[in-house]
Number of protein chains: 2
Amino acid sequence: MFKTVKQNKAYQDVVEQIQEAIMEGTLKPGRQLPAERELKEQFGISRGTLREALRVLEQKGLIEIRTGVAGGSIVREVNSENLSDNLGLLIRNRAVSLRDLAEFREGLEGGVAALAAQRATEQDRLVLEGLLDEAGGYLKEGRKGWDSFVRTDEQIHLALARISGNPLFIAVLTSVYHNIHTYYENYLPWNTELLQENFSDLKNIVAAVSAGEAERAREIALGHVRRFNAYMEEKKV
Amino acid sequence: MFKTVKQNKAYQDVVEQIQEAIMEGTLKPGRQLPAERELKEQFGISRGTLREALRVLEQKGLIEIRTGVAGGSIVREVNSENLSDNLGLLIRNRAVSLRDLAEFREGLEGGVAALAAQRATEQDRLVLEGLLDEAGGYLKEGRKGWDSFVRTDEQIHLALARISGNPLFIAVLTSVYHNIHTYYENYLPWNTELLQENFSDLKNIVAAVSAGEAERAREIALGHVRRFNAYMEEKKV
DNA sequence: CCGTAGTGAATGGTTAGACCATTAGTAAAA
DNA sequence: TTTTACTAATGGTCTAACCATTCACTACGG
C-alpha cells in the first residue's frame, strides 16, 4: 500500500540539488560552481561526500572538473556523448551480434537519408561531395587506400546523420559506427569490386540527397546497407 | 605530432580496471567484489579514492552498492536504464524535441515490426493477442480507460521489440517510450476517434505479424507512427 | 620595453584514521 | 517455535592534513 520511504544518501541529495539547478536553468552551461571547500560548507557535508556527488555529476556529463587555480566544476553544455557511451557499453557487454548491429543499422539509415534529403543546405551538399571525392581518391590508390576509404565511407554516413539534424540519429549512429569496426575487419570480404559497388551506392545516395528526393534516398540507403549486411553474412558462414 | 600523454587519475584507473574485468567476463553479473577495506589494499589507494571509483561505476550502471553486513559492490546485469536516463536528461534539456523523438521512432518501428513478423513464435502471438484484448477492454471503458489504453499500447510496441529479438531495438525503444510520455500528455489531442483509429492500427499490425507478413507489418507500423506524429504536430501548433 | 623564468596561491587529487548507520546472522528470551 | 536483542561486517560520513596542477604575477635579463 505504501512505498518504502526513499532514504537518500547525502551525496545523492547533493547530486539532485545540483542537477535540478542545471535542469531548470539556474545553473547555465559554462557557469562555474564554487570551490569544493566552499561548496561543502554550503551543503553542510564533508569534502569526501561532496566529491562523490561531483563524480556522479561528471559521469552524467553534467559538469566538467578542472584542476588548477582557476579550476573547479563547470556546468557543461548538454550533449549526447553519454547516450553514445551507454549504447557502446550495451553493445560490447550484451554480446550484441553483428547481425543485431546490422539489422539496427538497416532500420536507421533509410530514415536518416530521407531526412537529410529534406533538409540539406547548399553547404551540406558541398561537404558531401567533398567527402565523395576523397573516397574516390582512396579507391584509386588500390589496396593501401582501402582503410581510408572505409573511414571516409563512415564519415559520409555520419555527415548524413548530422544533416538530418536529429540528435538521436546522430548519437545512435555514431555509437554504432564506433562499435561496428571490429566486425568489418573480421567479416567483410574486402575486394575492389565490393568497394566499387559501395562507392557507386554512396554516389547515388548523395545525388538523391542533393536533389532533395527523400524517398529515393531512403530506398538507395536501405538497399546499400542490406547488400553490405548480406556480404557479411556470407563471409561469416 | 604527439598526443599529450593521458594523465590518468587514480580513481579512473580503478574504474577502467574493474570495467574491463566486467566487459571481458572475468567479473560476471551477480558476482560480489571484495569489501572496500580490502579492495583499497589490492589497488593500493585510499578508501576515499576507491569510493569515487565505485560511485562512477555505479552511475554507469555496472555495479550496485548495498549496505549492511552482507553488502558490498555487486556486478549488475547490464540493462538499458542508463540509456533511458540519459535520453530523459536530453529531453528535459530540450536538446531533443518531440519532433526528434517522433522522427526517430518512425525510423525504428517499421523495422521492428518487420523483424517481429519474421520471428514471432506461437507463444508470441498469444501474448500479442492478449495485450490486444486488454487494450480493447480499456477502450470500452471510455474516458477513464484512456490512460490504461495508452500504457497497453506501449506494451504492445515493446512486445514487438522483444519479439524482434534484437537487443538494440529493445533497449532504444524502451528508452524512447519511457520518455515520450511527457509529450503525450501535453500534445496529444486525445479523443475516442483517435484511440479507435489507434486500436485498429494495432490490430492490423498484430495480424500482419501473426501472419508472418514482414513487409505489410512494416508498412502498417510506419503509417501508424506517422499518423500519430502528424496529430501531435497539429496540436502543437 | 618586451619576453622569460621563477614563484606563490588557489584549486582539485589523495591519504589516513576514526566513528556512524544499516543489515544479516546468531544467540537469548518468551 | 517465535520473537527479541545482540554482534559483527559492511557501506556512509567526517576531519584534517598533504600532494599535484595550473594560472597569474613578479622580477630579472635582454
Side-chain angles (χ1 to χ4, degrees), chain A residues 2-19 21-22 27 29-77, chain B residues 2-19 21-22 27 29-77:
Chain A
F2 294 115
K3 275 197 297 185
T4 308
V5 172
K6 191 174 155 199
Q7 191 54 279
N8 255 354
K9 270 126 201 170
Y11 82 93
Q12 287 178 323
D13 205 68
V14 173
V15 167
E16 279 165 27
Q17 282 195 52
I18 297 181
Q19 173 166 331
I22 294 176
L27 289 175
R31 169 77 174 279
Q32 196 161 16
L33 296 178
E36 291 182 1
R37 289 167 180 80
E38 193 188 329
L39 261 186
K40 93 181 199 319
E41 300 297 334
Q42 290 188 28
F43 283 112
I45 57 176
S46 76
R47 208 173 144 214
T49 303
L50 172 65
R51 283 175 62 80
E52 287 187 28
L54 292 178
R55 279 276 112 76
V56 170
L57 289 166
E58 185 186 47
Q59 176 56 34
K60 281 192 174 194
L62 291 174
I63 65 173
E64 179 187 340
I65 303 180
R66 292 189 197 146
T67 62
V69 56
S73 303
I74 295 157
V75 179
R76 285 186 63 180
E77 199 71 53
Chain B
F2 294 115
K3 275 198 296 186
T4 309
V5 172
K6 192 176 159 199
Q7 192 53 280
N8 255 353
K9 271 126 200 169
Y11 82 91
Q12 286 179 323
D13 206 66
V14 174
V15 168
E16 279 165 27
Q17 282 194 51
I18 297 181
Q19 173 165 330
I22 294 176
L27 290 175
R31 168 79 175 278
Q32 196 162 18
L33 296 178
E36 291 182 0
R37 291 166 178 81
E38 192 189 330
L39 261 185
K40 91 183 196 332
E41 300 296 334
Q42 289 188 28
F43 283 113
I45 57 177
S46 75
R47 207 172 146 216
T49 303
L50 172 64
R51 283 176 61 81
E52 287 187 27
L54 292 179
R55 279 277 115 74
V56 170
L57 289 166
E58 184 185 48
Q59 177 55 35
K60 281 191 172 193
L62 292 174
I63 65 173
E64 178 186 342
I65 303 180
R66 292 192 198 142
T67 62
V69 57
S73 303
I74 294 157
V75 179
R76 287 185 63 179
E77 200 71 53

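Chain naming here is simple, since letters A, B, ... match the order of the sequence lines and numbering starts at 1 in each.
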Would you tabulate the side-chain donor-acceptor contacts of residues 41-48 of chain B under 3.5 Å, counting partners in other chains and residues two or more places apart, or write 'none'?
from     : atom 1 : to       : atom 2 : distance (Å)
Gln42(B) : NE2    : Glu38(B) : OE2    : 3.3
Ser46(B) : OG     : Thr49(B) : N      : 3.4
Ser46(B) : OG     : Thr49(B) : OG1    : 3.2
Arg47(B) : NE     : Glu36(B) : OE1    : 2.8
Arg47(B) : NH2    : Glu36(B) : OE1    : 3.1

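Using a 4.0 Å cutoff to heavy atoms of chain A, the contacted part of DNA chain D runs 5' to 3' from dG12(D) to dC23(D). Think of the region where chain A sits on DNA chain C: with heavy atoms and a 4.0 Å cut, that region ends 5' and 3' at dA10(C) to dT14(C).
Note that CD1 of Ile65(B) is 5.0 Å distant from CG of Leu54(B), once rounded to the nearest 0.5 Å. Within the model, atoms NZ of Lys40(A) and CZ of Arg51(A) stand 13.0 Å from one another, a figure rounded to the nearest 0.5 Å. Interatomic distance, Arg55(A) CZ to Leu57(A) CG, rounded to the nearest 0.5 Å: 10.5 Å. We find the CD1-CD1 distance between Ile18(A) and Ile63(A) to be 6.5 Å, quoted to the nearest 0.5 Å.
The stretch residues 35-45 of chain B touches DNA chain D through Ala35(B), Glu36(B), Arg37(B), each having a heavy atom under 4.0 angstrom from the strand. For the segment residues 47-65 of chain A, residues with any heavy atom less than 4.0 angstrom from an atom of DNA chain C are, sorted by number, Arg47(A), Arg51(A), Arg55(A), Ile65(A).
Within the structure, salt bridge (Lys or Arg N to Asp or Glu O under 4.0 Å) contacts touching residues 63-72 of chain A (residues at least two apart or in different chains) are Glu64(A)-Arg66(A).
Here Thr67(A) lies in heavy-atom contact (under 4.0 Å) with sugar-phosphate atoms only.
Considering only residues two or more places apart in sequence or on other chains, Gln59(A) meets the side chain to side chain contact (heavy atoms under 4.5 Å, CB included) condition with Val56(B), Gln59(B), Lys60(B). Residues passing the side chain to side chain donor-acceptor pair (under 3.5 Å) test with Glu77(A), sequence neighbours excluded: none. Ala21(A) is linked by a side chain to side chain contact (heavy atoms under 4.5 Å, CB included) to Thr26(A), Leu27(A), counting only residues two or more places apart in sequence or in another chain.
Of the possible donor and acceptor atoms, one in the side chain of Gln32(B) sits under 3.5 Å from a partner among the backbone N and O of Ala70(B).
Of all non-hydrogen atoms in Ala53(B) and Val14(B), the two that sit nearest each other are CB-CG1, 3.6 Å.
At a threshold of 4.5 Å between non-hydrogen side-chain atoms, the residues Asp13(A) and Gln17(A) count as touching.
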